[in-house]
Amino acid sequence: MSLTGARWLGAGLVLMMLVGCAGQQVVEPNPDDPWEGFNRRVFAFNEALDRAILKPLAQGYDFVTPQPAQTGVGNFFSNLGEIRTVLNSLLQGKPGNAGISAGRFVINSTVGIGGLLDFATPMGINAREEDFGQTLAVWGAGEGPYVVLPFFGPSTVRDAAGLPVDIYSYPLTYVEDDQVRYGLTALRVIDARAAFFEQEELIRGDRYSFLRDAYLQRRRFEVNDGKLGEDPFADDEFDFDDDAFAE
């Protein structure tokens with residue numbers, strides 16, 4: 001064998017060894033997601049359902065419905081959610097936020113024609129949205145593992161436990177006419193899916209991991225009322241170690 005051939009053979013063996021080592025690397029499990037195998041299977045089911053039914057319906061809705069009308073639909077369902085925010089704000093001991101949310105509901109339900117128009121936001125009347133998962137957090141319940149629910153999607157054990165209360169604290173649940181209730185529920189889901197199209201373009205890499213991490217980050221932000229934690233560099237008592245600047 002020539003010297004050149006030997007070099008190519010050696011390089012090939014090295015490459016095969018590197019590929020073999022890479023294939024044997026074990027990906028560290030995410031501590032927030034100990035049920036990842038199960039969750040990925042449910043995620044795949046939800047994704048298949050979305051591709052087959054929900055996404056095409058949302059695309060059709062987005063195509064035929066003018067943007068002002070879509071905004072009105074979103075405002076209507078968001079306005080109904082103010083009732084949930086009022087209830088959970090009171091349960092969390094936040095009467096101020098409850099009062100603001102109640103004010104939003106009254107203004108948008110009257111001047112805003114049943115919530116189709118949002119007059120409260122331009123007036124500077126803004127409340128933090130609250131749900132029972134956040135209430136459980138305030139009461140001291142731990143977040144628990146990340147879990148993907150069939151049809152509902154990303155959640156945690158704590159948020160999943162609060163889901164029944166959230167359902168029964170949403171006014172649409174009490175519409176007696178089944179056809180009207182189912183129709184409005186379907187419209188709400190389709191409108192929410194259509195609103196996700198622009199955000200969906202930001203997804204990079206593994207779709208499952210991206211959505212999981214985004215969900216957990218957003219929920220922790222909401223549970224902490226937008227507080228990101230203490231910044232040690234903002235503490236007046238923070239002392240620099242002189243040795244850290246030594247040559």
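Sequence positions, counted from 1, serve as the residue numbers for this chain. All of these numbers come straight from a predicted model, not from anything done at the bench. Only this structure's heavy atoms are used, side chains among them; waters, hydrogens and symmetry mates stay out.
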For this session: Determine, for Tyr170 and Arg188, whether the Lys NZ or Arg CZ falls below 6.0 Å from the six-membered ring centre while staying within 45 degrees of the axis.
Result: yes
Problem set entry | More than 12 heavy atoms of other groups within 6.0 Å of Gln67 CD | yes
Seminar exercise, completed: dist Leu117:CG -> Thr110:OG1 (nearest 0.5 Å) comes out at 11.0 Å
Problem set entry | Donor-acceptor contact below 3.5 Å, side chain Asp159 vs main chain Ser155 | no
For this session: Determine which pairs satisfy salt bridge (Lys or Arg N to Asp or Glu O under 4.0 Å) with at least one residue from residues 55-83, sequence neighbours left out, and list them in order.
Result: Glu82-Arg104
Exercise. At what distance, to the nearest 0.5 angstrom, does OG1 of Thr135 lie from CG of Leu87?
Worked result: 7.0 Å
Problem set entry | Crowding at OH, Tyr168 (>12 non-hydrogen neighbours, <6.0 Å) | no
Problem set entry | Carboxylate-amine/guanidinium proximity below 4.0 Å for Glu47 and Arg40 | no
Exercise. CD of Glu129: more than 12 outside heavy atoms within 6.0 angstrom?
Worked result: no
Problem set entry | Gap separating the CG atom of Asp191 from the CG atom of Leu57, nearest 0.5 angstrom | 13.0 Å
For this session: Apply the test side-chain contact (heavy atoms from CB on, under 4.5 Å) to residues Asn46 and Asp50: give CA-CA distance (whole Å), side-chain angles for both, the deciding distance (0.1 Å), then the verdict.
Result: CA-CA 6 Å; Asn46 288 344; Asp50 178 68; over 6 Å; no
Problem set entry | Side-chain donor/acceptor of Arg128 to backbone N/O of Asp225, under 3.5 Å | no
Problem set entry | Residues forming a ring pair (Phe, Tyr, Trp, His ring centres under 6.0 Å) with Phe63, sequence neighbours excluded | none
Exercise. Between the side chain of Arg204 and the main-chain N/O of Glu201, is any donor-acceptor distance below 3.5 Å?
Worked result: yes
For this session: Return each pair, listed once, that meets ring pair (Phe, Tyr, Trp, His ring centres under 6.0 Å) where at least one residue sits in residues 135-155; pairs must be two or more places apart or across chains.
Result: Phe45-Phe151, Phe132-Trp139
Problem set entry | N/O donor-acceptor pair under 3.5 Å between Ser101 side chain and Asn97 backbone | no
For this session: Please answer whether the main-chain N or O of Arg220 pairs with a side-chain N or O of Asn224 as donor and acceptor at a distance below 3.5 Å.
Result: yes
Seminar exercise, completed: Separation between OG1 (Thr156) and CG (Leu216), nearest 0.5 Å, reads 7.5 Å
Exercise. Counting distance only, does the side-chain N/O of Asn75 pair as donor-acceptor with the main-chain N or O of Leu116 below 3.5 Å?
Worked result: yes
For this session: List the steps, then state whether side-chain contact (heavy atoms from CB on, under 4.5 Å) holds for Arg212 with Asn30.
Result: CA-CA 10 Å; Arg212 175 195 62 200; Asn30 189 313; 3.3 Å; yes
Exercise. Do Asp131 side-chain atoms and Asp166 backbone N/O form a donor-acceptor pair below 3.5 Å?
Worked result: no
